[in-house]
Amino acid sequence: MKAFVYLGPTKKALAERPKPEITAPTDAIVKVTKTTICGTDLHILKGDVPSCHQGRILGHEGIGIVDEAGPAVTSFKPGDRVLISCITACGKCLYCRKLMFSHCSAGGWILGNSIDGTQAEYVRIPHADTSLYRIPKDADDEALVMLSDILPTGFECGVLNGRVQPGCSVAIVGAGPIGLAALLTAQFFAPAQIIMIDIDDNRLEMAKRFGATTTINNTDGKARETVMELTGECGVDTAIEAVGTPATFELCETILAPGGVIANIGVHGTKVALHLERLWDRNITITTRLVDTVSTPMLLNILQSRRIDPKLLITHRFKLDHILDAYETFGHAANTRALKVIVET
Ligand SMILES: NC(=O)c1ccc[n+]([C@@H]2O[C@H](COP(=O)([O-])OP(=O)(O)OC[C@H]3O[C@@H](n4cnc5c(N)ncnc54)[C@H](O)[C@@H]3O)[C@@H](O)[C@H]2O)c1
Ligand SMILES: [Zn+2]
Ligand SMILES: [Zn+2]
């Protein structure tokens, strides 16, 4: 089969690989029909993710059709259309029982990381019963691909952890696919104000279309002043960090109202200053989270009811044969205006 393979820092190829086989009774083999590229895949290609070794097939998102199910798989059979979760969950370990699937001792984020992933014609899914979701009959395939990772990530790490409530004020720093997913799902709770902050005007324009009440271009580093002005010098109730840099996290620290929450989503590679000398008496909360995908069944229901349209996040489409072009487009988002790219096998 054809597969997109990481060959060590900055090296990658579309290569011929053997079709995966069932190795445990709880495995399923899924024929991938649509997948996508995540910012995390770009991090892997740069060599930033040590758990991902060279030779690995990348990809942790997608939908497909069950090709083969191991003897212990009871919920799925060949021919079933399924959504692949970016998080593999055994459903039985201590962390799974606490609904922290991301920390499953027999899974977690392993797809396209420590085991071969979805940017291929077929993928092996361990613990298939608790890592795949049945696709509703008339659901839109492309919209569903956004449910593997980015929507649960924006919703769980940003909106739920950030305790977004009716009438509250929210600032989202970073209008990439994850920040925009937080913007879409924050609206389930009807906040009064959603301020989107980025340095890319094109992404801010998208944010406006997706429901942001105000957008701020932070190229001059003066977003704080504008947020304070917009909130009557109080600051916001929820600041969602969706970039992953010290500067953007520190911005969140400075725009928070007393009693507010900083919900960190960004993956941080360096240390960040925590200004307790300014925050100790402000009753604030800081949360961190690796997406658990516990909200996937709920998001599937919402998708079915057409209350959100995650398809809005899709800007480009490619065939698997042209996945190198897809990476090129996705990797140069500032020029190509790419958000999510669909790769069809
Ligand atoms: N916690 C989790 O489980 C989880 C899951 C998936 C992704 N992530 C992380 O979420 C983050 C966002 O992901 P993404 O795919 O949307 O990334 P992205 O790179 O596409 O988007 C980041 C955005 O931040 C903007 N930005 C950069 N510097 C800025 C600044 N100083 N001020 C304001 N905006 C700035 C960029 O213009 C860009 O639009 C990444 O760090 C990613 O690794 C976390
Ligand atoms: Zn991802
Ligand atoms: Zn588990």
Side-chain angles (χ1 to χ4, degrees), residues 26 35-44 48-49 58-62 85-113 117-118 126-127 130-131 145-146 148-158 161 171-183 195-204 206-207 215-224 240-252 263-269 287-293 313 315 330-334 337-340:
T26 46
T35 180
T36 181
I37 304 172
C38 178
T40 308
D41 299 324
L42 301 181
H43 280 299
I44 292 175
D48 290 348
V49 183
L58 296 193
H60 49 265
E61 297 161 273
S85 173
C86 65
I87 298 293
T88 303
C90 76
K92 294 178 183 166
C93 73
L94 182 70
Y95 292 109
C96 281
R97 299 297 294 266
K98 289 182 176 177
L99 298 182
M100 266 198 271
F101 300 150
S102 62
H103 293 276
C104 171
S105 47
W109 175 45
I110 55 173
L111 266 187
N113 177 9
T118 56
H127 306 294
T130 36
S131 307
V145 177
M146 305 300 114
S148 288
D149 176 355
I150 65 166
L151 279 183
T153 296
F155 183 59
E156 294 173 13
C157 309
N161 273 21
I172 302 174
V173 185
I178 299 281
L180 290 171
L183 167 63
I195 304 164
M196 285 301 283
I197 304 169
D198 204 287
I199 49 175
D200 177 339
D201 277 330
N202 171 52
R203 287 189 161 184
L204 289 172
M206 289 281 217
T215 60
I216 302 174
N217 188 318
N218 189 36
T219 308
D220 59 6
K222 294 206 170 133
R224 179 186 180 273
I240 297 176
E241 203 285 344
V243 188
T245 64
T248 46
F249 188 88
E250 287 182 48
L251 172 62
C252 291
N264 181 79
I265 312 180
V267 172
H268 292 267
T287 66
T288 73
R289 188 169 186 176
L290 176 59
V291 61
D292 289 297
T293 67
L313 294 161
T315 52
F330 184 69
H332 295 94
R337 300 185 154 212
L339 276 173
K340 287 300 269 186

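What you are looking at is a predicted structure, and each value in this text was computed from that prediction instead of being measured. Order of listing sets the numbers, starting from 1, for every ligand and every atom in it.
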Item to check | Metal environment of the Zn ion (ligand 3), protein N/O/S under 2.8 Å | outcome: C90 SG, C93 SG, C96 SG, C104 SG
Is there a donor-acceptor pair closer than 3.5 Å between any side-chain N or O of [X] and the backbone N or O of [Y]?
X    : Y    : result
T130 : A89  : yes
K340 : T315 : no
N218 : A223 : yes
T35  : G62  : no

With a 4.5 Å cut-off on side-chain heavy atoms, are [Y] and [X] touching?
X    : Y    : value
W109 : T40  : yes
D198 : M206 : no
E156 : N161 : no
R203 : L339 : yes
S131 : L111 : no

Checklist entry - Can an N, O or S atom be found in C86 less than 2.8 Å away from the Zn ion (ligand 2)? => result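 Of the N, O and S atoms in C86, none lies under 2.8 Å from the Zn ion (ligand 2), which means no.
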Next on the checklist: Let me check your reading of the structure: within less than 2.8 Å of the Zn ion (ligand 2), is there an N/O/S atom from D41?
Outcome noted: no
Item to check | For the Zn ion (ligand 2), the closest N/O/S atom belonging to D149 | outcome: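 The nearest such atom is OD2.
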Item to check | Atom pair OG1/CD1 of T248 and I265 - distance to nearest 0.5 Å | outcome: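 Answer for the OG1-CD1 pair, T248 versus I265, is 11.0 Å.
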Using a cut-off of under 3.5 Å, which N/O atoms of ligand 1 pair up with protein N/O atoms, and what distance separates each pair?
from	atom 1	to	atom 2	distance (Å)
ligand 1	1 (N)	I265	O	3.0
ligand 1	1 (N)	R289	O	2.9
ligand 1	3 (O)	V291	N	2.9
ligand 1	16 (O)	P177	N	3.2
ligand 1	16 (O)	I178	N	3.0
ligand 1	20 (O)	R203	NH1	3.1
ligand 1	32 (N)	N218	ND2	3.2
ligand 1	37 (O)	D198	OD1	2.6
ligand 1	39 (O)	D198	OD1	3.3
ligand 1	39 (O)	D198	OD2	2.7
ligand 1	39 (O)	R203	NH1	2.9
ligand 1	41 (O)	V243	O	2.8
ligand 1	41 (O)	V267	N	3.0

Next on the checklist: Testing the 3.5 Å rule here: is there a donor-acceptor pair between the side chains of H60 and N113?
Outcome noted: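 No donor-acceptor contact under 3.5 Å links the two side chains.
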